[in-house]
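Atoms within each ligand, like the ligands themselves, are counted from 1 in listed order. Computed from a prediction, not measured in an experiment: that's the story for all the values here. Residue indices begin at 1 and follow the sequence shown.
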Amino acid sequence: MTEKDSIYASALSNIADFAFDEKVAAVFPDMIQRSVPGYSTIIAMTGVMAERYAQAGSYCYDLGCSLGASTLAMAKQIEGRNCNIIGVDNSPAMLEHCKSNIADSGYSTPVQLLCKDLNEVTIKNASVVVLNFTLQFIAIEQRAALLSRIAEGMNEGGILILSEKILFEDEHLQALNTDLHHSFKRANGYSDLEISQKRASIEKVLLPETINTHQQRLQQAGFKSIDVWFQCFNFASLVAIK
Ligand SMILES: Nc1ncnc2c1ncn2[C@@H]1O[C@H](C[S@+](CC[C@H]([NH3+])C(=O)[O-])CC(=O)[O-])[C@@H](O)[C@H]1O
Ligand SMILES: O=C(O)C(=O)Cc1ccccc1
């Protein structure tokens with residue numbers, strides 16, 4: 001079973017920038033479940049959408065696959081469909097845990113894991129591409145080029161699933177949703193100290209944008225039909241069809 005996240009439970013004299021190291025990898029399922037409202041729904045529906053859009057003989061990409069949650073949801077739903085899943089992450093610690101999760105799962109869908117930066121990954125013959133809470137960690141000025149490369153590597157009729165922490169243009173809504181997110185974390189057992197120390201550690205590395213910015217960028221990248229299919233407080237998921 002997964003360990004409990006207590007990384008920010010005691011007062012730290014120096015709060016380092018958040019990194020996907022072994023300490024995080026060991027507690028990641030607990031951390032993300034207790035930190036992202038709607039996480040399990042987004043993962044399960046990623047599988048459901050993959051089932052609908054996966055084209056025979058194509059690739060399904062899980063970009064920023066972490067411990068493989070979205071990969072496994074897809075692997076389950078597309079068994080016997082002659083598709084390959086490619087999971088990519090640039091954290092060796094996360095990918096080690098991912099590898100054993102895939103090995104333990106027993107689904108027949110072939111999965112290949114790559115330890116690579118997303119900017120160096122070739123996307124080709126893709127019918128499903130998943131960016132679940134990953135684009136937010138990519139430098140803002142690199143996001144448009146990455147999405148254009150993804151669109152180029154996708155087949156007509158393919159789907160991109162983009163899940164992100166989001167910002168609000170309206171400052172009242174921004175304050176409200178940040179507050180509701182913190183209440184959600186408190187309800188899941190995180191203390192005020194844990195919430196504020198984690199907030200400081202992700203401040204410079206997790207850079208959210210508005211839904212509007214995401215939609216415009218997806219359109220510019222070449223996607224045709226774009227919609228928000230899920231939102232809970234300051235977390236949202238979009239679909240974009242090529
Ligand atoms: N440049 C990069 N190249 C490759 N990987 C990267 C890069 N930057 C960050 N990552 C990887 O993106 C993942 C983001 S977590 C995704 C959760 C998963 N999708 C899930 O649905 O369970 C989201 C979160 O922790 O909020 C981490 O594993 C990083 O190592
Ligand atoms: O914990 C938070 O406040 C978040 O915004 C979500 C999150 C989840 C896992 C790693 C980094 C950020």
Checklist line | Geometric cation-pi criterion Lys185 and Tyr190, 6.0 Å radius, 45° cone | finding: yes

Notebook entry, point to check: Can you find an N or O of Gly64 that's nearer than 3.5 Å to an N or O of ligand 1?
Noted result: yes

Margin query: Count I, L, V, M, F, W, Y as connected when their side-chain heavy atoms are under 4.5 Å apart, and connections chain through other members. Are Ile86 and Leu113 then in the same cluster?
Written below: no

Note to self: Students should be able to answer this: which protein heavy-atom is nearest to atom 3 (N) of ligand 1, and at what distance?
What the structure shows: Leu118 N, 3.0 Å

Check: Near Ile43, which atoms of ligand 1 are under 4.0 Å from a heavy atom of that residue?
Finding: 21 (O)

Notebook entry, point to check: Which of parallel (below 30°), tilted (30 to 60°) and perpendicular (above 60°) describes His181 and Phe184?
Noted result: parallel

Check: Looking only at non-hydrogen atoms, which of Phe133, Phe235, Phe20, Phe18 approaches atom 25 (O) of ligand 1 most closely?
Finding: Phe20

Notebook entry, point to check: Taking atom types as modelled and ignoring hydrogens, do the side chains of Ser201 and Tyr8 form a donor-acceptor contact shorter than 3.5 angstrom?
Noted result: yes

Notebook entry, point to check: Should the proximity of Ile202 to ligand 2, defined as any heavy atom under 4.0 Å, be assigned to the side chain, the backbone, both, or neither?
Noted result: side chain

Notebook entry, point to check: Transitively linked via ILVMFWY side-chain contacts under 4.5 Å: Leu173 with Phe235?
Noted result: no

Check: Which protein non-hydrogen atom lies closest to atom 6 (C) of ligand 2, naming both residue and atom, and how far is it?
Finding: Val36 CG2, 3.9 Å

Notebook entry, point to check: For residues Thr178 and Gln174, is any side-chain donor paired with an opposing acceptor at under 3.5 Å?
Noted result: yes

Check: If you round to the nearest 0.5 Å, how far is NZ of Lys4 from CG of Asp30?
Finding: 7.0 Å

Next item on the list: Could you check atom 6 (C) of ligand 1 against the protein and tell me its nearest heavy-atom contact, residue, atom and distance included?
Entry: Asn90 OD1, 3.1 Å

Check: Considering only protein heavy atoms, which is closest to atom 1 (N) of ligand 1, and at what distance to one decimal place?
Finding: Asp117 OD2, 3.2 Å

Next item on the list: Classify the contact between His181 and ligand 2 as side chain, backbone, both or neither, using a heavy-atom distance cut-off of under 4.0 Å.
Entry: side chain

Next item on the list: Would you mind finding which of Lys185, Gln136, Arg34, Lys198 brings a heavy atom closest to atom 7 (C) of ligand 2?
Entry: Lys198

Note to self: Heavy-atom distances under 4.0 Å decide this one: backbone, side chain, both or neither, for Val36 against ligand 1?
What the structure shows: neither

Check: If two hydrophobic side chains count as joined below 4.5 Å and joins carry through other members, does Met45 share a cluster with Phe230?
Finding: yes

Notebook entry, point to check: What class does the angle between the rings of Phe133 and Tyr39 fall in, given that below 30° is parallel, 30 to 60° is tilted and above 60° is perpendicular?
Noted result: tilted

Checklist line | Ligand-side contact atoms (ligand 1) for residue partner Ser91, heavy atom cut-off under 4.0 Å | finding: 30 (O)

Margin query: With respect to Ser66, determine whether any N or O atom, backbone or side chain, lies less than 3.5 Å from an N or O atom of ligand 1.
Written below: yes

Item checked: Identity and distance of the protein heavy atom lying nearest atom 9 (C) of ligand 1 -> Phe137 CB, 3.9 Å

Checklist line | For Ala69, the ligand 1 atoms whose distance to one of its heavy atoms is below 4.0 Å | finding: 22 (O)

Note to self: If I take atom NE2 from residue His97 and atom OG from residue Ser91, how far apart are they, to the nearest 0.5 angstrom?
What the structure shows: 8.5 Å

Checklist line | Nearest-0.5 Å distance that lies between atom CD in Glu164 and atom CG in Leu162 | finding: 5.0 Å

Next item on the list: Say whether Met31 and ligand 1 are in contact under the criterion: heavy-atom distance to a ligand atom below 4.0 Å.
Entry: no

Checklist line | Side-chain (Arg143) to main-chain (Ile138) donor-acceptor, under 3.5 angstrom | finding: yes

Notebook entry, point to check: Against heavy atoms of Ile138, which atoms of ligand 1 measure under 4.0 Å?
Noted result: 1 (N), 2 (C)

Next item on the list: Starting at CD of Glu209, measure out to NZ of Lys165 and round the result to the nearest 0.5 Å.
Entry: 14.0 Å

Checklist line | ligand 2 versus Phe133: contacting region, heavy-atom distance under 4.0 Å | finding: neither

Next item on the list: Scan side-chain atoms only and decide if Asn132 and Thr46 contain a donor-acceptor pair under the 3.5 Å cut-off.
Entry: yes

Notebook entry, point to check: Is it the side chain, the backbone, both or neither of Lys116 that has a heavy atom closer than 4.0 Å to ligand 1?
Noted result: backbone

Item checked: Atoms of ligand 1 close to Asn132 [distance to a heavy atom under 4.0 angstrom, numbered from 1] -> 16 (C), 17 (C), 18 (C), 19 (N), 21 (O)

Margin query: To the nearest 0.5 Å, what is the distance between OG on Ser225 and CG on Leu218?
Written below: 11.5 Å

Item checked: Atom of Asp5, atom of Glu194 and distance for their closest heavy-atom approach -> O-OE2, 3.8 Å

Next item on the list: Could you tell me which atoms of ligand 1, counted from 1 in the order shown, lie closer than 4.0 angstrom to a heavy atom of Met94?
Entry: 28 (O)

Margin query: Just verifying a value: how many Å separate Leu207 CG and Phe137 CZ, rounded to the nearest 0.5 Å?
Written below: 9.0 Å

Margin query: Taking distance alone, with N or O pairs closer than 3.5 Å, would you say Cys65 contacts ligand 1?
Written below: no

Next item on the list: Can you sort out which atoms of ligand 1 are near Ser70, meaning under 4.0 Å from one of its heavy atoms?
Entry: 21 (O)

Next item on the list: May I ask you to identify, for Leu206, whether its side chain, its backbone, both or neither come under 4.0 Å of ligand 1 on a heavy-atom basis?
Entry: neither

Notebook entry, point to check: What atoms of ligand 1 come closer than 4.0 angstrom to any heavy atom of Gln136?
Noted result: 26 (O)

Checklist line | Protein heavy atom at shortest distance from atom 22 (O) of ligand 1 | finding: Tyr39 OH, 2.6 Å

Notebook entry, point to check: Can you tell me the protein heavy atom closest to atom 5 (O) of ligand 2 and the distance?
Noted result: Lys165 NZ, 2.7 Å

Check: Who gets closest to atom 30 (O) of ligand 1 by heavy atom: Asp89, Ile32, Val121?
Finding: Asp89

Notebook entry, point to check: Counting from 1, what ligand 2 atoms have a heavy atom of Leu206 closer than 4.0 Å?
Noted result: 5 (O), 12 (C)

